[in-house]
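Everything below concerns the one structure shown next.
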Amino acid sequence: MSVVTVQLGQCGNQVGQELFGIICSDAQEGQRKTYSAASCERFFHQTAHGDFVARAVLIDMEPKVINHSMTKAATSGRWRYGDTSHFSQKQGSGNNWANGYCVHGPRHREVVEELVRREVERCDRLAGLMAVMSVAGGTGSGVGTYVTQCLRDIYQKSFILNHLTWPYGTGEVIVQNYNSVLTLAHLYQLSDAILVHENDTVHRICSQLLNIKHISFSDVNRVIAHQLGSVLQPALTADSHGAYSRNPLGELVSTLACHPEYKLLNVCTIPQMPSSSIAYSTFSWPGLLKHLRQMLISNSKMEEGIDWQVRPPAGSEQTRSLTGASFNTSLANLLILRGKDVYSAETDGFEDPALYSSWLSSKEAFNLWKSPVPFNKYEKSATLVSNSQALLRPLDNMVGKAWNMFASRAYIHQYIKFGISEEDFLDSFTSLEQVVASYSQLC
Amino acid sequence: MTQSVVVQVGQCGNQVGCRFWDLALREHSHVNKKGLYDEALSSFFRNVDSRKGDGRTCGVGGRIQHLKARAVLVDMEEGVVNEILQGPLREVFDSTQLLTDVSGSGNNWAVGHMTYGSAYREQIVEKLRRAAEHCDCLQCFFLIHSMGGGTGSGLGTRVLSLLEEEFPEVCRIVTSIYPSAEDDVITSPYNSVLAMRELTEHADCVLPVENQSLVDIVSKIQHMSHGAKPGQVIRRDSAIISGRGGLSAAEKPFDAMNNIVANLLLSITSSARFEGSLNMDLNEIAMNLVPFPRLHYLVPSLTPLYTLADVSVPTRRLDQMFSDAFSKDHQLIRADPKRSLYLACALMVRGNVQVSDLRRNIERLRPSLPFVSWNQEGWKTGLCSVPPVGHSHSLLALANNTCVKPTFVELRERFTKLYRKKAHLHHYLHVEGMEQSCFSEAIASLGSLIEEYHHLDATKGTLMPDAPRLSISR
């Protein structure tokens, strides 16, 4: 089964390009026919000449980024984008969610739907749709939300996953918190699951784990693509009976997003290091998993500065409230192991009921995917997708800052101009406060 | 790719505009080595095949035939425009883009705004429409004018309201040159205050530039280049007052000052013209920097003002560039943004600078810069990969900052001094369509603008409690 990716806006089109690049080079590495065939069916279709063409639609309101991504893909020599699978306009959405959602989106609805439909019809079976976008700007967030809404209308029974890049806390777009609040509040009603990468976290991974001195956006995007790729590449799941799973989005969503109030997914991957160091490092599954588990419960999003003091609460409710401050409660976790000796890895640590909410048994809350094929040059690697309180604080911050700005009505006139009213803002704030409350009361 | 049209009005507007076109050509010829008419060129120039004679525009991708500026030149005297038409830039304009009269506005806002504004209304609109029709996606009008005289300030602001009427969707960014306190035009306070009301009501963004700041920067650079110590020689094509490499060789007295403003326009449009890892479109400027519709005065500062001939310690110099952008000496109006309150700030970087450099410098500078309580993280950034000619990198900071207030207060004082005695008032009231209420309304508009800045200023330093959040019932 195949996944159709919709790349939206500057960020979406850059991240998407890196993602397909990593998936393609990983699949073509070495002699592993089944893995590579499964991966290719999922993300590419082959032309009569044997070219790999990404199952992707590229959408932006200005042409520069799309042109750049298409050229970069074509010059890789391994894969390319479809010649006619892109749509761009001349003038961007100007960082204004309302401009994207109320103006650009409706204006180009038919063209975009047609492009997606063509890509969907090219699949033997559709596993689902993945929209890749940021929440800060105008096109990714505004047009992205509108397009997700159209896709939801047309493909009512398909899985729709949104991959969102959350902006740096400061310095990208001044109205980013408004745009984020409007995007998240709407997507929460439309999407099956929302997979989030925070730029700040990824930036820290680049500087502290990968030792990159001058971090560029492509460095950041490559880390996102690496983590996302390790989730989406073929793996053996509990239900796949020894063959590579055929329904990646469906299984991801059904294992992790089991309640409509809880849809925010966070990803951590271990190990991550400069490619020059990989050859000189050895990894053991117990070591990797011990670190990853502590990263989960102490909510440190990378393998550096982990707080080893945090322990899961033992037994009674009373102790829970004592240790509870920094402990990260999970609703559901999906652990994906790739590489050598993967069948020997012990994952008991993740099955501890103390990690999870009281109303879902750890048997249902924890899932494990495995693949003996090493991913992206790492001999062994583990990725954890978790539906937990990990995104509570950044979400709360985002809503809080937007609310503060809203209290003085700053910038609201820019949104009203395009048809978003103060009531629309209030509705979005209300629904996100509900999400914040739900996650903070998770126990 | 989008296009923009430059509208230059009055003597000052046309002189600055002229420098802009010269330096824009220099910049593009530096980057564009193949002689092809590319997207970047198309944003400000048309490519016209003169052999066909119908003046039709050739598409992007072909060879450069004949570049025509996307500009409309308006002046009520002939002097400056004639000079342009006899100078090296004559090829870039044709007669259909020009509008002149012979008698001038006599430093009288009312003559420019009312008399000429009504007489030439049709012709101006016609020329603007023609320029707009040549664009396939018109994004922005750049109006360049001065505040002190009659034509730039009066007719310039009339053109602004015509733009709003005719092209309500297209962004209007105005570069306004404010007169020095010792201006030789006696009526300049009247003209400026009358023009201010129009700017406040009809522009999307105004980039105020003070004559005196330009004078100060020019003399500082000239001082550096003459009295320089060994090892501190300025590269001659790098100073932002330099026009070297441009078409006009002999430099006129105001050229150095006008080059600074031209560089400001080159920087602000760079991200719309060239590629970069973080594009900043022109319509993002108002969206990010204007929290309330009337408070759209953005104080510009440009760094570096020059580069030294010998190249060493690049990182420190890069960080220095960021520090300089916030120092008093680099602002294009006489103001100290660090001592006032920031509503929002944009950093538009050109050249070999990475996102990590940006982040490091924002983190470093943030503690020393006061921001309004609800916009503590009010930074907008853009990265354009093509640096200006002669530099490896450059920075334009645009600050929406209450430091514009003193300039406006001073203007109001000078206005009041004249107005109290009703000095020169009759020259204005003679003009048809001009009434005394125009004066009282203009000064009231300026007063309320000052008041708005004042209210924000008053919140500085006081710790504002967070707004109480919506509560969710369990």
Side-chain angles (χ1 to χ4, degrees), chain A residues 10 14 61-65 67-68 89-96 99 137-138 168-177 199 203 206-207 212-220 396 399-401 403-414 426 429-430 432-438 441, chain B residues 1-3 39 136-139 171 272 274-293 343-347 352-359 362-363 366 372-381 383 400 456 459 464 466-474:
Chain A
Q10 170 156 21
Q14 288 171 344
M61 290 302 118
E62 56 113 27
K64 278 186 281 192
V65 179
N67 292 342
H68 195 246
Q89 285 288 296
K90 291 178 175 128
Q91 187 168 354
S93 308
N95 292 161
N96 191 331
N99 192 9
Y168 288 104
T170 168
E172 272 185 86
V173 172
I174 291 176
V175 288
Q176 64 189 28
N177 296 314
N199 268 349
H203 195 94
C206 286
S207 74
I212 302 170
K213 285 245 162 55
H214 298 280
I215 300 163
S216 67
F217 272 101
S218 36
D219 297 319
V220 171
D396 188 56
V399 176
K401 285 177 198 163
W403 183 251
N404 245 349
M405 200 180 254
F406 186 72
S408 64
R409 295 298 183 270
Y411 296 100
I412 297 297
H413 71 283
Q414 312 265 22
L426 280 172
F429 279 116
T430 316
L432 287 190
E433 290 289 5
Q434 180 66 55
V435 176
V436 168
S438 301
Q441 288 156 22
Chain B
M1 194 73 113
T2 58
Q3 294 85 36
E39 296 269 10
D136 65 346
C137 184
L138 173 58
Q139 182 163 42
C171 177
F274 302 113
E275 279 199 359
S277 60
L278 190 60
N279 288 331
M280 181 160 171
D281 235 349
L282 291 167
N283 53 1
E284 292 170 18
I285 295 174
M287 180 67 199
N288 284 282
L289 295 181
V290 182
F292 305 109
L343 306 185
C345 182
L347 300 178
N352 182 23
V353 178
Q354 297 303 332
V355 57
S356 53
D357 299 319
L358 261 176
R359 307 207 59 71
I362 289 179
E363 287 309 318
R366 231 159 65 120
V372 69
S373 64
W374 41 263
N375 209 8
Q376 289 287 315
E377 283 147 3
W379 296 86
K380 165 74 185 168
T381 51
L383 290 173
N400 194 341
L456 287 163
T459 68
M464 301 292 277
D466 284 352
R469 297 266 289 265
L470 295 170
S471 53
I472 298 295
S473 57
R474 296 194 182 190

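Excluded from the calculations below are hydrogen atoms, water molecules and symmetry mates; all remaining heavy atoms, backbone and side chain alike, are included.
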Query raised in the report: Side chain, backbone, both or neither: which part of B/Leu456 has an atom under 4.5 Å from a heavy atom of chain A?
Result: neither
Query raised in the report: Quick one: what part of A/Gln89 sits under 4.5 Å from any heavy atom of chain B, side chain, backbone, both or neither?
Result: neither
Query - Gap separating the CH2 atom of B/Trp379 from the CD atom of A/Glu172, nearest 0.5 angstrom - result: 14.5 Å
Query raised in the report: What part of B/Cys345 is in contact with chain A, defined as an atom under 4.5 angstrom from a non-hydrogen atom: side chain, backbone, both or neither?
Result: backbone
Query raised in the report: How close do B/Ser277 and A/Phe217 get, heavy atom to heavy atom, and via which atoms?
Result: O-CD1, 4.0 Å
Query raised in the report: Among A/Asn67, A/Asp396, A/Thr430, A/Ile412, which has the most heavy-atom pairs under 4.5 Å with chain B?
Result: A/Asp396
Report summary line: One option among A/Asn404, A/Asn96, A/Asn95, A/Val173 has the most heavy-atom pairs under 4.5 Å with chain B, and it is A/Asn95
Query raised in the report: Side chain, backbone, both or neither: which part of A/Asn199 has a non-hydrogen atom closer than 4.5 Å to chain B?
Result: neither
**Report entry** Side-chain donor/acceptor of B/Arg359 to backbone N/O of A/His203, under 3.5 Å
**Finding:** no
Report summary line: Cut-off 4.5 Å, heavy atoms of chain A, and the answer for B/Glu363 is side chain
Report summary line: Of A/Gly92, A/Ser408, A/Pro63, the largest count of non-hydrogen pairs under 4.5 angstrom with chain B goes to A/Ser408
Requested in this report: Examine whether an atom of A/Gln10 lies under 4.5 Å from a heavy atom of chain B, and if so say whether it belongs to the side chain, the backbone or both; otherwise answer neither.
Outcome: side chain
Report summary line: Cut-off 4.5 Å, heavy atoms of chain B, and the answer for A/Gln434 is both
Query raised in the report: Do the non-hydrogen side-chain atoms of B/Asp466 and A/Trp403 ever get within less than 4.5 Å of each other?
Result: no
**Report entry** chain A contact via B/Ala272 - side chain, backbone, both or neither, heavy atoms under 4.5 Å
**Finding:** backbone
Report task. Please determine if B/Arg469 and A/Glu433 form a salt bridge, counting it only when a charged side-chain N lies under 4.0 Å from a carboxylate O. Result -> yes
Report task. Report yes or no: do A/Gln91 and B/Asp281 form a side-chain donor-acceptor pair below 3.5 Å? Result -> no
Query - Contacting moiety of B/Leu358, where chain A heavy atoms sit under 4.5 Å - result: neither
Report summary line: Honestly, the part of A/Ser438 sitting under 4.5 Å from a heavy atom of chain B is neither
Requested in this report: Determine, step by step, whether A/Met405 and B/Asn375 satisfy the side chain to side chain contact (heavy atoms under 4.5 Å, CB included) criterion, reporting the C-alpha distance in whole Å, the side-chain angles of both residues, the deciding distance to 0.1 Å, and the verdict.
Outcome: CA-CA 7 Å; A/Met405 200 180 254; B/Asn375 209 8; 3.1 Å; yes
**Report entry** Max heavy-atom pair count under 4.5 Å with chain A, selected residue of B/Leu282, B/Val372, B/Ile362, B/Val290
**Finding:** B/Val290
**Report entry** Interface moiety of B/Asn288 toward chain A, non-hydrogen atoms closer than 4.5 Å
**Finding:** both
